[in-house]
Amino acid sequence: MLIETPTDSGTSETPTPSARRRHEDAPDTAALFAKLATLEEGPERDAVRDELVTAWLPMAHRIAGRFRDRGESVEDLRQVAALGLVKAIDRFDPERGAFESYAVPTITGEIKRHFRDRMWALRVPRRVQELRNKVRVARRELTQNPGSPEPSVADIAAHTGLTEEEVSAGMEALESFSTLSLDAELSAGDDGYSLADTLGASDSSYDVVIDRESAKEGLRRLPERERAILYMRFFEDMTQSRIADRLGISQMHVSRLISRSCARVRDEVLGQRTARRGRGGSAAS
């Protein structure tokens with residue numbers, strides 16, 4: 001539900017000179033909050049609640065304005081701030097002090113959560129997001145004086161108490177707030193290419209090479225006739241009946257020899273891999 005900006009304070013109460021606040025957008029609504037606390041759920045309570053939202057909405061918009069130019073539209077920020085305002089009104093206890101003192105951190109926290117949870121194109125671990133924020137604040141503090149050089153990783157680490165590895169992770173996150181489409185062109189002109197054109201792809205040939213190398217020893221240990229049968233079947237692409245005619249044996253015998261030879265080589269390869277893993281586990285333990 002969109003919350004429209006009010007044209008006036010929207011409250012039925014008129015502030016007195018003694019009821020001044022720190023900001024002009026912080027009206028005196030103590031009586032309304034006291035009334036809200038006594039009402040049960042229903043139309044009357046909803047009306048008072050809406051009146052409070054209208055009265056304090058300018059303050060919520062002011063807080064939202066602090067976060068402009070960070071990749072989110074002002075209108076969206078205002079909606080998030082309005083949501084934080086509603087939460088603050090619902091949770092506020094009039095006996096615990098001024099509403100403004102409670103509402104400001106509540107609204108600010110809602111906006112920060114919005115940036116943390118919604119504005120990242122990719123889901124980034126909370127720890128990395130926190131490192132990013134610490135690095136961003138440190139860079140701003142170290143360069144606030146005119147003419148200050150860009151701080152190094154070591155400078156930021158010394159300023160924040162983080163390790164240089166943590167600072168590097170935070171700096172990488174600073175550059176990773178948004179993603180680049182794989183279809184984005186990286187060069188101009190007729191020979192332009194996209195980011196996807198620069199990425200490698202899985203090569204199944206590597207698996208073939210590994211399998212061949214693994215099977216070599218097992219093939220060498222086969223009897224000569226069985227090696228010849230496998231060569232004729234898989235390299236010369238001969239049928240089992242042709243192999244049987246050339247060797248003067250039955251096709252059924254050829255089929256059994258092929259199955260037995262392949263099973264023997266496969267078992268040897270798998271046995272070697274299991275043994276290697278076992279030796280690795282023993283060494284690790």
Side-chain angles (χ1 to χ4, degrees), residues 116-117 120-132 153 162-285:
R116 184 189 68 205
D117 298 334
W120 292 83
L122 296 177
R123 184 63 180 171
V124 177
R126 175 76 60 83
R127 176 179 171 277
V128 176
Q129 294 182 31
E130 292 173 350
L131 290 176
R132 170 188 176 274
V153 172
L162 301 172
T163 66
E164 292 191 9
E165 290 77 11
E166 290 173 330
V167 172
S168 297
M171 294 182 71
E172 289 180 5
L174 281 173
E175 307 299 329
S176 305
F177 195 67
S178 60
T179 57
L180 182 64
S181 170
L182 292 177
D183 295 325
E185 289 196 3
L186 299 182
S187 65
D190 297 335
D191 58 344
Y193 57 91
S194 68
L195 179 61
D197 295 330
T198 66
L199 302 179
S202 298
D203 191 341
S204 59
S205 298
Y206 286 117
D207 294 332
V208 175
V209 171
I210 293 174
D211 291 341
R212 284 180 176 177
E213 292 299 316
S214 300
K216 273 184 178 181
E217 291 300 320
L219 290 171
R220 290 194 183 102
R221 284 192 286 269
L222 290 176
E224 184 176 352
R225 185 175 68 168
E226 293 183 19
R227 289 203 308 271
I229 290 174
L230 293 180
Y231 183 84
M232 287 185 284
R233 178 70 186 91
F234 295 109
F235 289 89
E236 295 186 349
D237 202 24
M238 293 175 61
T239 63
Q240 293 183 11
S241 59
R242 286 186 60 193
I243 297 172
D245 292 341
R246 176 176 293 188
L247 298 179
I249 57 178
S250 67
Q251 180 180 342
M252 184 63 70
H253 193 188
V254 171
S255 177
R256 286 198 297 268
L257 289 174
I258 291 175
S259 298
R260 186 177 66 186
S261 300
C262 290
R264 177 179 173 181
V265 173
R266 181 174 58 252
D267 290 343
E268 287 189 14
V269 171
L270 294 178
Q272 292 172 1
R273 291 178 180 176
T274 301
R276 283 196 295 268
R277 284 197 295 270
R279 289 195 297 271
S282 298
S285 61

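Treat the numbers as computed from the prediction; the structure is a model and nothing was measured.
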Can you give me the closest heavy-atom contact between M232 and I243, atom names plus distance?
CE-CG2, 3.8 Å
Heavy-atom pair of closest approach, residues R233 and M238:
CD-O, 3.3 Å
According to the side chain to side chain donor-acceptor pair (under 3.5 Å) rule, which pairs have a member within residues 241-250, sequence neighbours left out?
T239-S241
Take atom CD of E236 as the centre, draw a 6.0 Å sphere, and report whether it contains more than 12 heavy atoms from other residues, nucleotides or ligands.
yes
Can you give me every donor-acceptor pair (side chain of residues 253-268, partner residue at least two apart or in another chain, under 3.5 Å) with its distance?
unit_1: S259; atom_1: OG; unit_2: S255; atom_2: O; d: 3.1
unit_1: R260; atom_1: NH2; unit_2: E226; atom_2: OE2; d: 2.7
unit_1: S261; atom_1: OG; unit_2: E226; atom_2: OE1; d: 2.7
unit_1: S261; atom_1: OG; unit_2: L257; atom_2: O; d: 2.8
unit_1: R264; atom_1: NH2; unit_2: R221; atom_2: O; d: 3.4
unit_1: E268; atom_1: OE1; unit_2: R221; atom_2: NE; d: 3.3
unit_1: E268; atom_1: OE1; unit_2: R221; atom_2: NH2; d: 2.8

Is R227 paired with E224 through a side-chain N to carboxylate O contact shorter than 4.0 Å?
no
Does a side-chain N-to-carboxylate-O contact under 4.0 Å join R127 and E130?
no
